[in-house]
Amino acid sequence: MIVEFDCGNTAVKWRTADGAQRGGQPWAALKAKAGFDFSGLGLPAGLTRARLASVAGEARTGALVNYLACTPGIPVALAQVVPGANGVSCGYAAPERLGIDRWLAVQAALALVPDARLLVVDVGSAVTLDVCEPGRHLGGFIGPGLQLMRTALYSGTHAVKVPDLPGTMPLAPGVDTQQAVSGALALMLSGLVHETARRFGPVDYYLFTGGAGGLLAREFTPSRLVPDLVLDGLALVLP
Ligand SMILES: Nc1ncnc2c1ncn2[C@@H]1O[C@H](COP(=O)(O)OP(=O)(O)O)[C@@H](O)[C@H]1O
Ligand SMILES: CC(C)(COP(=O)(O)O)[C@@H](O)C(=O)NCCC(=O)O
Ligand SMILES: [K+]
C-alpha cells in the first residue's frame, strides 16, 4: 500500500494512494520535546512505499523521511520540479525554485481540466496562484494566507488582535473589529484572484485547494474545490 504526503508550512497531510485512508496534523501538534513525534499522524499498517512532496524545509522534511525509513521501514520518493515532465513546461526561469506543491497542483489541474486556461489557487499558509494552459505553466503569485495576515495585524497593531479567521465572505461592512478583519482578509484573497484573472486571463476554469480553499471557490465560476489537488499530482510525477 502506497502512502502519499503533502507537507506544507502549517501541516502534514497524508492519504493512502487508493484514497481509502487519510489524516493530517499541524507540525505544531507533532513537535515533542526531543523532536518530532510522527506517531501522531496515525499511519496505518501494511505500507510498502511513500511518495512525498514538501515545502516545509530540510529539518522537518528530513525528520519525516527518516521516520518513514525507520519505523514502517519503507522507501520514500521525494517529488521534485522537473520541467517538461508530463509535457508541461515550467514558467520559472529557475524551475527548482518553484514550490513543489504548486507544481503538483498544476500537474493535477491540467490533467483534470484539459484544453483550458486555468488559474490554480492554493490557500494554505501562503496563498499561491498559478496561471497555466495546456502543456504550459506561465508563472504566478505568492501572498500571505489568512493566518499570516491575521498574525501580522495582531503583532503589528495595538488594538487589532482578533482570534478568528473568516469562514465565509463578508455580507456587509464589519461592525466590530473581528468582523472588520475577517471581512478584509476574505476580500483581499478574493480580490487577488479576481485581479490576477482580469490582468492575466482570460481564465476558463478556476481550481481551488488548500486549507481555506473553500472560502473562495464559490466566488468564481466555473470553478472546482479539489482539497487533494497536491496529493493528486504526486502519482503523476512519481508513478
Ligand atoms: N477552518 C479554517 N478556516 C479558515 N482557514 C483555515 C481553516 N483551517 C485552515 N485554514 C487556513 O489554512 C492554512 C492551513 O492550510 P494548509 O493547506 O494545510 O496549509 P499548508 O499546506 O501551508 O500547511 C492555515 O494557515 C489557515 O490559514
Ligand atoms: C509559496 C509556498 C510557501 C506555499 O506553501 P504552503 O502555503 O502550501 O505552505 C511554497 O510553494 C514554497 O515554498 N514555494 C517556493 C517559492 C516559490 O514557489 O517561488
Ligand atoms: K499554499
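Here the structure is a predicted model, which is why all the values come from computation and not from measurement. Indexing begins at 1, ligand by ligand and atom by atom, following the structure's order.
- In this structure a side-chain-to-backbone donor-acceptor pair under 3.5 Å is missing from K13 to G24.
- Using modelled atom types, one side-chain atom of D176 and one backbone atom of Q178 make a donor-acceptor pair closer than 3.5 Å.
- The number of heavy-atom neighbours closer than 6.0 Å to CD of E195, taken from other residues, nucleotides and ligands shown, is above 12.
- Atom numbering of ligand 2 starts at 1 in the shown order; those under 4.0 Å from a heavy atom of L98 are 18 (O).
- Proximity of D101 to ligand 2, defined as any heavy-atom pair under 4.0 Å, is confined to the side chain (atoms from C-beta onward).
- Proximity of V162 to Q179: side-chain heavy atoms (C-beta onward) are nowhere separated by under 4.5 Å.
- When the options G143, G145, A126, G139 are ranked by their closest heavy atom to atom 2 (C) of ligand 2, first place goes to A126.
- A donor-acceptor pair under 3.5 Å is absent between the side-chain atoms of S223 and the main chain of L207, judged by distance alone.
- Near S125, meaning under 4.0 Å from any of its heavy atoms, are these atoms of ligand 1: 19 (O), 20 (P), 22 (O), 23 (O).
- Under 4.0 Å from ligand 1, heavy atoms of T10 appear from its side chain as well as its backbone.
- Checking only distances, D122 never comes within under 3.5 Å of ligand 2, N or O to N or O.
- With contacts defined as side-chain heavy-atom distances shorter than 4.5 Å, the pair F38/L64 qualifies.
- Between L41 and F5, the closest side-chain pair of non-hydrogen atoms falls below 4.5 Å.
- When side chains are defined from C-beta on, L187 counts as touching P170, because their heavy atoms get closer than 4.5 Å.
- For ligand 2 and R97, the ligand atoms under 4.0 Å from any heavy atom of the residue are 15 (C), 16 (C), 17 (C), 18 (O), 19 (O).
- At a threshold of 4.5 Å between non-hydrogen side-chain atoms, the residues V193 and Y206 count as touching.
- Interface of G210 with ligand 1, defined as ligand atoms under 4.0 Å from a residue heavy atom, comprises 17 (O).
- Put simply, the side chain of S190 never gets that close to the backbone of A186: no donor and acceptor are under 3.5 Å apart.
- Atoms of ligand 1 found under 4.0 Å from any heavy atom of L146 (numbered from 1 in listed order, with element): 5 (N), 27 (O).
- Distances from atom 18 (O) of ligand 2 to the heavy atoms of K13, Q147, R102 put R102 nearest.
- Heavy-atom contacts of N9 reach the following atoms of ligand 2: 3 (C), 5 (O), 6 (P), 9 (O) (cutoff under 4.0 Å).
- Contact annotation: the side chain of V55 never approaches that of C7 to less than 4.5 Å [non-hydrogen atoms, C-beta and beyond].
- Proximity to P166 (heavy-atom distance under 4.0 Å) selects the following atoms of ligand 1: 4 (C).
- With a 4.0 Å cut-off on non-hydrogen atoms, V127 does not touch ligand 2 at all.
- Heavy-atom contacts of G8 reach the following atoms of ligand 2: 9 (O) (cutoff under 4.0 Å).
- A heavy-atom separation below 4.0 Å is found between K13 and ligand 1.
- Shown in contact with S125 at under 4.0 Å from a heavy atom are these atoms of ligand 2, numbered in order with element: 7 (O), 9 (O).
- If you number the atoms of ligand 1 from 1 as listed, the ones under 4.0 Å from a heavy atom of G211 come out as 12 (O), 15 (O), 16 (P), 17 (O).
- Ligand 1 lies less than 4.0 angstrom from a heavy atom belonging to A11.
- Note: Y205 and F220 fail the aromatic proximity criterion, with ring centroids not under 6.0 Å apart.
- Against a heavy-atom cut-off of under 4.0 Å, Y92 is close to the following atoms of ligand 2: 17 (C), 18 (O), 19 (O).
- Backbone and side-chain nitrogen or oxygen atoms of I142 are examined, and none is located within less than 3.5 angstrom of a nitrogen or oxygen of ligand 2.
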